[in-house]
Amino acid sequence: MLTVKYITENREDVITRLAKKHVDAATLVDNIIATDEKRRSAKVQADQLQNEMNTLSKAIGQMYKEGRKEEADAAKSRTVELKEDIKNLTTAFAEYDAAVNALVVQLPNLPHDSVPFGRTPEENVVVRSGGEIPQLPDNKQPHWDLIKQHDIVDFELGTKLTGAGFPVYKGKGARLQRALINFFLDEGVKSGYFEVQPPILVNEDSGFGTGQLPDKEGQMYHATADNFYLIPTAEVPVTNIYRDVVLEESELPIRNIAYTPCFRREAGSWGAHVRGLNRLHQFDKVEIVQIAHPDKSYEILETMVAHVEGLVNKLGLPYRILRLCGGDMSFTSALTYDFEVYSAAQERWLEVSSVSNFESFQANRLKCRFREKESKKTVLAHTLNGSALALPRIVAALLENNQNADGSIKIPEILVPYTGFDTI
RNA sequence: GGAGAGAUGGCAGAGUGGUCGAUCGCGGCGGUCUUGAAAACCGUUGUACUGUGAGGUACCGGGGGUUCGAAUCCCUCUCUCUCCGCCA
């Protein structure tokens with residue numbers, strides 16, 4: 001969330017920039033400023049009275065010590081009214097405080113200046129593309145048919161065990177999964193990321209910290225007996241490592257990489273275009289997360305994009321990088337690049353990564369700060385993350401793009417040391 | 001799962017109703033000394049909110065209560081440790 005201080009001091013800026021996300025924030029912003037004003041006023045009054053109370057209490061203590069009991073008892077009677085007033089003001093303060101909070105969390109993050117205008121995914125801007133779209137045999141098959149032919153992913157079996165969207169990977173399918181995970185992790189570690197293996201169940205505080213709660217709880221599976229949530233992305237546990245943390249400036253940037261399974265309920269979004277591996281309830285993903293100095297975060301965003309680009313290049317997949325327009329960006333993001341690979345039998349672009357700079361929007365929720373070396377002041381850090389990469393659609397594209405006329409599939413050379421086979 | 005103990009500032013560890021935001025030590029920072037470093041000595045050292053400012057307020061795991069006054073008493077929740085049981 002944005003800081004109230006920033007909103008108050010930059011009212012116009014907030015409103016004009018949010019217009020790019022097609023949000024008319026004027027009413028909300030003014031409401032925040034007005035409520036915050038009341039909040040502060042209640043705080044000041046309460047503090048003053050509390051100060052009187054503290055002074056009086058000390059005096060009473062002194063009187064007792066000196067044996068002036070009657071005087072002390074007289075003073076006590078004066079505290080009754082004070083106490084009542086303080087209670088009322090404190091309650092008012094708490095109410096205003098909660099109100100301000102409830103309002104502020106409704107404001108999306110401000111889009112960066114470079115974010116294109118636009119409302120729909122069609123208005124995203126292709127910043128660059130690479131790789132070559134392969135010429136497939138006339139009898140080309142979509143991946144769900146290839147999968148069936150080789151019996152490497154079993155959707156029906158997954159449905160038996162759990163339900164739709166929880167496939168069972170079998171044989172070379174399972175090994176391909178494992179190969180990709182290891183490949184992505186190794187590449188990340190080679191680029192200087194620090195590997196972590198977080199829990200895949202998180203508590204409410206963590207869900208709130210990265211913004212999945214309270215609004216998007218329908219997105220996550222909920223283990224109600226313990227009030228834990230299954231993570232929709234490793235972003236949640238990995239970023240929350242830095243919740244309520246004050247880092248040293250010299251520790252920045254923090255660069256973490258993690259593999260986790262991810263769980264998404266995707267309620268209501270089932271339907272066309274979700275066949276096969278295109279959309280699942282459980283899938284594997286390697287995620288990169290950075291905590292950065294505000295002056296460096298955009299530079300770092302580009303290095304993350306470059307890292308992801310390196311991965312799709314090494315896998316030989318045709319790809320394009322999109323800069324998301326204001327209307328297609330997430331609530332929390334200031335600038336997002338999406339990576340799409342071309343799945344040549346479906347003849348569709350599939351999103352396989354989303355790399356974002358959240359600036360201090362998440363950090364403010366998380367209270368993730370660093371101590372500025374010069375001033376020794378604590379400053380909100382910038383958080384960034386990106387998929388590097390999400391597996392199922394990569395697998396879909398690999399299978400489709402590398403198929404031969406007989407339905408056999410060539411494994412990209414770089415993966416062979418990981419899979420132990422070069423053909424499916 | 002059973003029994004017990006505990007949660008205090010970066011760490012270690014005092015403090016059981018009244019100038020306690022909190023003793024002392026270590027660590028950190030600044031300084032003296034030194035060619036430099038170490039040692040020694042002196043000083044300093046939490047966070048947040050609020051006020052133009054001096055300052056004020058809050059925070060001793062979380063929440064609630066008793067009291068003129070709570071780190072200290074009561075209730076409750078969470079977590080940690082030790083022993084036993086079970087277990088990949």
Side-chain angles (χ1 to χ4, degrees), chain A residues 1-9 32-105 197-209 213 223-229 237 240-252 254 261 360 363-381:
Chain A
M1 57 187 178
L2 300 173
T3 63
V4 175
K5 188 174 158 68
Y6 187 86
I7 296 166
T8 308
E9 290 172 0
I32 289 168
I33 295 173
T35 312
D36 180 57
E37 186 61 44
K38 290 187 208 160
R39 185 188 73 93
R40 293 212 314 274
S41 146
K43 163 87 172 147
V44 170
Q45 290 179 60
D47 280 2
Q48 273 169 2
L49 294 188
Q50 186 59 250
N51 179 231
E52 265 182 60
M53 187 69 154
N54 289 350
T55 312
L56 191 53
S57 289
K58 274 178 195 167
I60 291 171
Q62 195 60 30
M63 290 173 200
Y64 276 123
K65 211 178 245 175
E66 292 167 9
R68 297 181 286 162
K69 189 163 181 313
E70 281 166 32
E71 215 175 316
D73 287 341
K76 264 200 216 177
S77 64
R78 273 185 273 145
T79 64
V80 177
E81 194 185 342
L82 260 180
K83 222 178 174 179
E84 185 65 23
D85 290 346
I86 289 170
K87 197 179 171 191
N88 290 336
L89 282 167
T90 307
T91 308
F93 170 77
E95 280 167 8
Y96 287 130
D97 195 48
V100 170
N101 241 299
L103 293 171
V104 171
V105 296
Q197 212 177 89
I200 57 178
L201 286 162
V202 294
N203 59 28
E204 242 175 359
D205 286 347
S206 295
F208 181 81
L213 296 175
T224 51
D226 297 286
N227 200 23
F228 293 151
Y229 292 87
N240 270 284
I241 291 172
Y242 304 96
R243 168 155 51 84
D244 292 319
V245 167
V246 180
L247 297 155
E248 291 303 322
E249 185 171 345
S250 58
E251 292 178 84
L252 301 177
I254 300 230
S360 59
N364 188 34
R365 273 192 170 212
L366 291 161
K367 301 225 180 326
C368 170
R369 295 156 295 169
F370 69 94
R371 190 175 305 282
E372 220 170 44
K373 212 174 168 200
E374 290 298 312
S375 67
K376 311 226 164 155
K377 289 236 190 310
T378 54
V379 180
L380 289 173

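Not measured: the values here are computed from a predicted model. Chain letters run A, B, ... following the sequence lines, proteins first, then strands; residues in each count from 1.
- Applying the 4.0 Å criterion to OP1 and OP2 of B:rA58, one finds that A:N54 has a side-chain N or O inside that range.
- When the C1' atom is used for both B:rG65 and B:rG17, the distance is 15 Å, rounded to whole Å.
- A salt bridge does not link A:E81 with A:R78: every distance from a Lys NZ or Arg NE/NH1/NH2 to an Asp or Glu carboxylate oxygen is 4.0 Å or more.
- The same atom, P, is picked in B:rC79 and in B:rA54; the two are 43 Å apart, to the nearest Å.
- Going from atom CG of A:D244 over to atom P of B:rC59 covers 18 Å, rounded to whole Å.
- Not a single donor-acceptor pair under 3.5 Å links the side chain of A:Q45 to the backbone N or O of A:A42.
- To the nearest 0.5 Å, atoms CD (A:E204) and OH (A:Y229) are separated by 5.0 Å.
- Side-chain atoms of A:P198 and A:I241, non-hydrogen and from C-beta on, never get closer than 4.5 Å to each other.
- Nucleic acid contact for A:D73: none, since no nucleic acid atom lies under 4.0 Å from a heavy atom of the residue.
- At least one donor-acceptor pair closer than 3.5 Å links the side chain of A:T3 to the backbone N or O of A:Y6.
- Atom CD of A:E372 has more than 12 neighbouring heavy atoms from other residues, nucleotides or ligands inside a 6.0 Å radius.
- Neither OP1 nor OP2 of B:rC49 sits under 4.0 Å from any side-chain N or O of A:R40.
- One P atom belongs to B:rC75, the other to B:rA5, and the distance between them is 14 Å to the nearest Å.
- Remark: P of B:rG51 and CD of A:Q45 are 12 Å apart, rounded to the nearest angstrom.
- Nucleotides B:rU78 and B:rG64, compared at atom C1', are 15 Å apart to the nearest Å.
- Straight-line distance between the C1' atoms of B:rC26 and B:rG9: roughly 13 Å, to the nearest whole Å.
- Rounded to a whole angstrom, the distance from the C1' atom of B:rU34 to that of B:rU8 is 40 Å.
- In this structure, A:E251 places its CD atom 16 Å from P of B:rG28, rounding to the nearest Å.
- In this entry the distance linking CD of A:E248 with C1' of B:rG46 reads 13 Å, nearest Å.
- Stems are defined here as 3 or more consecutive Watson-Crick or G-U wobble pairs with pairing distances under 3.5 Å; those involving RNA chain B are B:1-7 with B:78-84, B:27-32 with B:40-45, B:46-50 with B:55-59, B:61-65 with B:73-77.
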Is there any protein nitrogen or oxygen under 3.5 Å from a nitrogen or oxygen in nucleotides 68-72 of chain B, and what are the pairs?
{"unit_1": "B:rC68", "atom_1": "O2'", "unit_2": "A:S57", "atom_2": "OG", "d": "3.0"}
{"unit_1": "B:rG69", "atom_1": "O4'", "unit_2": "A:S57", "atom_2": "OG", "d": "3.3"}

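- Both A:D36 and A:A46 lie near RNA chain B, and the one whose nearest nucleotide falls closer to the 5' end is A:D36.
- Taking the side chain as every heavy atom from C-beta outward, A:R39 and A:F93 approach each other to under 4.5 Å.
- Side chains of A:R243 and A:S206 form a contact here, defined as non-hydrogen atoms less than 4.5 Å apart.
- Proximity of A:R371 to the phosphate of B:rG46: no side-chain N or O atom is located under 4.0 Å from OP1 or OP2.
- Taking atom CG on A:L89 and atom C1' on B:rA58, their separation rounds to 15 Å, with Å as the unit.
- To the nearest angstrom, P of B:rA48 lies 15 Å from CZ of A:F93.
- B:rC79 atom P lies 8 Å from atom CZ of A:F228, rounded to whole Å.
- Here A:R39 does not reach the OP1 or OP2 of B:rC49: none of its side-chain N or O atoms lies under 4.0 Å away.
- A:T8 places a side-chain N or O within 3.5 Å of a backbone atom of A:V4 that can act as its donor or acceptor partner.
- Judged by distance alone, with hydrogens and angles left aside, the side-chain atoms of A:N364 form a donor-acceptor pair with the main-chain N or O of A:M1 at under 3.5 Å.
- Taking atom NZ of A:K377 as the reference point, atom P of B:rG46 lies 13 Å away to the nearest angstrom.
- Between the side chain of A:D47 and the base of B:rG56, a donor-acceptor pair under 3.5 Å is found.
- A donor-acceptor pair is defined here as one N or O able to donate and one able to accept, closer than 3.5 Å; such a pair exists between the side chain of A:R365 and the backbone of A:F208.
- Look at the P atom in both B:rU16 and B:rG21: the space between them is 16 Å, to the nearest Å.
- Comparing B:rU47, B:rA58, B:rU50 against the side chain of A:T378 picks out B:rU47 as the nearest.
- Of the P atoms belonging to B:rA14 and B:rC24, the separation is 15 Å, rounded to the nearest Å.
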